[in-house]
Amino acid sequence: MKRLVLLLLPLWFVPTISFAETPEEKGLKIAKEVNLRDDGYGDFTASLKMTLRNRQGEESIRVIRNRTFEVPGDGDKVLIIFDTPKVVKGTAFLSFTHKIKNDDQWLFLPALKRVKRISSSNKSGSFMGSEYAYEDISSQEVEKYSYRWLRDEDYEGKAAFVLELDPTDPNSGYTRQIVWFDQKEYIPIKVDYYDRKNVLLKTLNFHGYKQYLGKHWRPDRMAMVNHQTGKSSDLEWSGYKFKTGLSEKDFTKNSLKRAR
Amino acid sequence: MKIPLNPPLTKGDKKKQKPRIPPLLKGGRGDLTCLLSFFLIIVFLSPLLANAAETWSGYFAVEGRYFLNDPIHPGQRAQQASIAGQPEFYREWETTSFTVAPFFRIDSADNERSHFDLRELFVLWYPGDFELGIGVRKIFWGVTESQHLVDIINQTDLVELPDGEEKLGQPMINLSILKDWGTLDFFILPYFRERTFPGRKGRLRGTLFVDTDQSRFESGAENHHLDAAIRYSHSLGDWDIGLSHFKGTSREPTFLLEPDSAGNPTLIPLYEQIDQSGIDLQSIIDVWLLKLELIHRSGQGASFQAWTTGFEYTFTGIFGSKADLGAIGEWLHDSRSEKTTPFEDDLMLGLRLALNDMDSTEILLGVIQDLDAASKMISVEGVRRFGDHWKLEVEALIFVQQDQSDLLFTQRDDDFFQLTLAYYF
């Protein structure tokens with residue numbers, strides 16, 4: 001009898017190994033699908049209003065404009081122009097995001113007319129004093145994380161995949177992110193960020209998704225809450241325009257200098 | 001980082017006397033008329049063109065300065081107040097833009113510091129593979145923080161701040177050719193702007209008064225000499241590189257020591273013809289920024305080299321907060337003697353704390369230590385916003401143990417504290 005069990009064991013394991021997905025494989029497959037479904041948008045422009053709130057409910061508003069250019073085979077190129085506060089009006093930020101290596105980033109300082117290259121290794125740094133870190137707003141590439149599917153569950157009435165994303169870059173401010181993806185459209189609906197001590201730091205919720213060009217889903221509002229400080233930052237997107245005719249020439253140090 | 005520039009000491013007799021040439025817009029009626037008609041043509045023609053978008057922006061500011069020590073020279077005061085402003089009009093069409101940005105300051109103590117300047121007045125055409133800019137512009141070159149050796153297109157507006165970061169508008173024709181292998185810039189600079197210096201009653205002026213009404217030029221064309229520059233710049237992965245050459249009127253004058261009409265010794269700026277080649281390099285290695293600026297200049301006596309090299313390192317989210325702390329270290333070297341330059345062999349250390357709070361509070365601390373003497377200079381700067389429109393800035397500059405041999409010795413009693421409140425729109 002014992003002998004028979006031993007003989008059967010390998011047979012019992014074989015199908016598991018060759019046909020069933022591991023949670024890691026399933027997670028990666030979902031992440032790739034998320035990316036694939038948004039491929040081919042070409043370029044888009046949008047306006048953003050960012051509202052920072054502290055624990056006492058005091059608010060501060062920043063208005064910025066965003067131009068994004070899709071680079072096939074690499075991360076996006078992004079140009080951001082600051083309109084409000086008026087004190088920093090004219091400041092502009094250019095980023096070439098990459099799949100694996102660090103992003104290239106330049107800042108234009110209008111008072112000196114200076115274009116300053118900045119280090120993108122500080123990806124955990126705050127973007128404009130908000131609860132968003134640079135790595136939260138940088139283009140999300142498949143290669144930036146390793147994945148693990150955790151479970152399927154309903155989130156706010158929608159069937160969702162729940163994935164754990166572990167950043168591959170040691171400079172990341174997070175040990176892991178837990179992300180809820182809509183099962184139908186493969187878009188993120190909620191992210192929990194865990195800090196370097198693996199304590200829940202922030203939660204991001206995406207609201208008001210709309211579809212553009214019959215393909216690309218974009219949110220109207222992104223709400224980030226910092227659980228440790230009680231501060232929050234809302235990003236309201238408006239005026240999305242796709243395939244506006246931007247080219248790579250609109251994403252250079254020279255175009256950064258004349259960005260308005 | 002703030003560093004006072006100072007009139008280098010005398011170089012001895014040289015070259016011919018120039019008749020007084022009025023600075024741009026002060027009295028040069030031909031230049032003024034030309035610029036004004038240029039402006040009017042643009043403003044009147046612009047509504048005729050489709051797709052035009054225009055904006056007004058800029059700031060107005062009040063500033064108070066308090067000097068900690070008694071003045072050395074008669075007529076100088078312990079307090080100084082001023083108002084300043086720089087409105088800016090911008091209009092753009094499909095591939096063309098027009099910018100005008102006049103600047104003014106009215107100062108209570110120093111009549112040389114009360115001045116008007118056209119910082120910008122230009123048309124830029126950018127059809128794609130190149131850019132053509134015609135008019136008065138401001139161009140910045142370089143990577144370091146303590147001083148900007150390579151940056152030579154614009155003249156320093158020294159009366160604004162002793163650190164030399166403020167620049168005067170420069171008339172130019174600039175063609176930028178944008179290629180995959182980099183950017184090639186050509187500059188034709190048809191009019192030279194003289195450096196501004198504090199007046200007799202102004203502080204931070206050194207022992208001897210600089211008489212800008214008697215400025216001299218090596219070139220017979222004086223400030224109409226046609227200067228030219230070329231620059232190649234490129235970003236290659238983690239490297240940013242710039243190579244430049246300038247041929248024309250030196251932005252930095254040498255000085256002639258001569259008695260004025262009353263027999264008092266004064267300094268007279270002499271603007272010579274120079275050749276200056278420059279290299280600026282920056283590399284990113286993880287969180288480190290490594291920087292180098294190097295120049296070679298000939299035409300002002302013996303040719304010389306100068307460089308600034310150093311690093312910048314940022315600690316993100318210090319003590320579990322959102323604040324970033326940046327550390328800067330730079331070595332400043334100049335092969336000229338300490339009689340000619342304040343930074344013949346100096347070390348700059350700086351700390352920049354950005355709280356990343358709602359009010360964008362920032363504090364900067366900088367120390368420049370002479371490596372061959374005890375002299376040092378300390379600068380502290382704090383900035384924060386109040387709402388969308390207001391910015392409050394506090395600045396202090398302190399000269400410690402200035403050695404007699406050091407060029408900054410003459411400013412040893414000009415430690416000051418400055419408060420600026422600005423409204424941006």
Side-chain angles (χ1 to χ4, degrees), chain A residues 52-54 58-63 83-90 96 101-102 104-106 108-131 133-134 170-171 173 195-197 226 228-229 231 247-250 252-255 257-258 260, chain B residues 53 55 57 59 88 90 92 97 120 124 126 128-129 131 137-143 148 151 154 165-167 176 178 183 233 235 237-238 240 282 284-289 312-317 320-324 354-360 385 387-391 422-425:
Chain A
L52 316 188
R53 273 184 210 93
N54 65 14
E58 289 168 306
E59 287 189 358
S60 175
I61 289 169
R62 286 110 168 84
V63 178
D83 290 332
T84 304
K86 297 292 181 194
V87 174
V88 295
K89 186 178 160 65
F96 294 176
K101 64 182 183 114
N102 279 332
D104 304 324
Q105 296 177 340
W106 296 267
F108 175 66
L109 307 164
L112 301 175
K113 307 285 170 211
R114 178 176 180 183
V115 172
K116 196 180 171 190
R117 178 79 177 260
I118 54 178
S119 168
S120 64
S121 300
N122 299 312
K123 54 186 56 176
S124 61
S126 160
F127 176 71
M128 294 179 79
S130 75
E131 299 310 314
Y134 278 92
N171 285 316
D195 68 12
R196 286 185 180 134
K197 293 176 197 134
N226 186 319
Q228 296 181 5
T229 62
K231 291 178 186 171
S247 74
E248 272 191 291
K249 296 227 162 73
D250 298 303
T252 62
K253 282 200 272 179
N254 268 60
S255 57
K257 277 188 258 185
R258 51 160 212 263
R260 296 288 185 138
Chain B
T55 51
S57 59
Y59 71 88
E88 182 179 322
Y90 175 82
E92 80 178 3
S97 71
E120 289 176 289
L124 187 67
Y126 38 95
D129 288 342
E131 286 181 18
R137 296 180 74 186
K138 220 156 98 172
I139 302 287
F140 181 90
W141 297 347
V143 292
H148 308 300
D151 188 36
N154 291 77
E165 297 257 313
E166 287 295 327
K167 298 288 174 180
S176 301
L178 315 163
T183 301
S233 56
S235 296
D238 291 336
D240 283 58
Q282 180 172 305
I284 296 182
I285 298 170
D286 201 42
V287 188
W288 295 86
L289 300 184
E312 201 176 323
Y313 185 94
T314 306
F315 301 90
T316 314
S321 73
K322 265 198 302 186
D324 297 334
L355 293 185
N356 283 322
D357 57 346
M358 276 196 186
D359 308 312
S360 318
R385 259 183 331 100
D388 267 2
H389 297 281
W390 294 92
K391 184 169 99 175
Y423 179 83
Y424 285 78
F425 59 97

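Order of the sequence lines sets the chain letters (A, B, ...), proteins ahead of strands, with each chain counted from 1.
- When the candidates B:G237, B:A323, B:G320 are compared by the number of heavy-atom contacts under 4.5 Å with chain A, B:G237 comes out ahead.
- Heavy atoms of A:A133 lying under 4.5 Å from chain B are absent altogether.
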message: Using side-chain hydrogen bond (donor to acceptor under 3.5 Å, both in side chains), reason through A:K253 and B:S235 one step at a time and then give a plain yes or no.
response: CA-CA 9 Å; A:K253 282 200 272 179; B:S235 296; 3.2 Å; yes
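- Here B:K138 is the residue among B:E88, B:K167, B:K391, B:K138 with the most heavy-atom pairs under 4.5 Å with chain A.
- Only the backbone of B:D357 comes within contact range of chain A, judged by heavy atoms closer than 4.5 Å.
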task: Start with the C-alpha gap between B:D238 and A:D104, add the side-chain angles, then the distance that decides, and say whether side-chain contact (heavy atoms from CB on, under 4.5 Å) holds.
output: CA-CA 7 Å; B:D238 291 336; A:D104 304 324; 4.2 Å; yes
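- In this structure, chain B has no heavy atom under 4.5 Å from any part of A:Q228.
- A:N54 touches chain B through backbone and side chain together, each having a heavy atom under 4.5 Å away.
- Contacts between B:Y90 and chain A at a heavy-atom distance below 4.5 Å involve the side chain alone, from C-beta outward.
- Distance CG/B:D129 to NZ/A:K249: 4.0 Å, rounded to 0.5 Å.
- For chain A, the nearby part of B:W390 is the backbone; its heavy atoms alone come within less than 4.5 Å.
- The two atoms that bring B:V287 and A:N122 nearest to each other are CG1-OD1, 3.3 Å, heavy atoms only.
- In terms of heavy-atom pairs under 4.5 angstrom with chain B, the leader among A:R53, A:R62, A:K231, A:E59 is A:R62.
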task: Before giving the answer on side-chain contact (heavy atoms from CB on, under 4.5 Å), spell out for A:N171 and B:D286 the whole-Å C-alpha distance, their side-chain angles and the decisive distance to 0.1 Å.
output: CA-CA 9 Å; A:N171 285 316; B:D286 201 42; 3.2 Å; yes
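- Annotation: the span from B:S97 atom OG to A:R258 atom CZ amounts to 8.0 Å, rounded to 0.5 Å.
- Heavy-atom distances place both the backbone and the side chain of A:N254 under 4.5 Å from chain B.
- Classification of B:E120 and A:K113 as a salt-bridged pair holds, one side-chain N sitting under 4.0 Å from a carboxylate O.
- The distance from the CG atom of A:L112 to the CG atom of B:N154 is 11.0 Å, given to the nearest 0.5 Å.
- The closest donor-acceptor contact from the side chain of B:K322 to the backbone of A:E131 lies at 3.5 Å or more, if one exists at all.
- When heavy atoms are compared at a cutoff of 4.5 Å, B:E312 approaches chain A solely by way of its side chain, counted from C-beta outward.
- Interface remark: A:S130 contributes backbone atoms only to the contact with chain B (heavy atom separation under 4.5 Å).
- Between A:R114 atom CZ and B:I139 atom CD1 the span is 15.0 Å, to the nearest 0.5 Å.
- The distance from the OG1 atom of B:T55 to the CZ atom of A:R260 is 6.0 Å, given to the nearest 0.5 Å.
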query: Should B:E131 and A:K257 be marked as a side-chain contact (heavy atoms from CB on, under 4.5 Å) after you check the CA-CA gap, both sets of side-chain angles, and the distance that decides it?
result: CA-CA 12 Å; B:E131 286 181 18; A:K257 277 188 258 185; over 6 Å; no
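- Neither the backbone nor the side chain of B:D359 comes within contact range of chain A; no heavy atoms are under 4.5 Å apart.
- The distance from the CD1 atom of B:I285 to the OG atom of A:S119 is 10.5 Å, given to the nearest 0.5 Å.
- Heavy atoms closer than 4.5 Å to chain B are found in the side chain of A:T84, but not in its backbone.
- By number of non-hydrogen pairs under 4.5 angstrom with chain A, the leading residue of B:H389, B:R137, B:E166 is B:H389.
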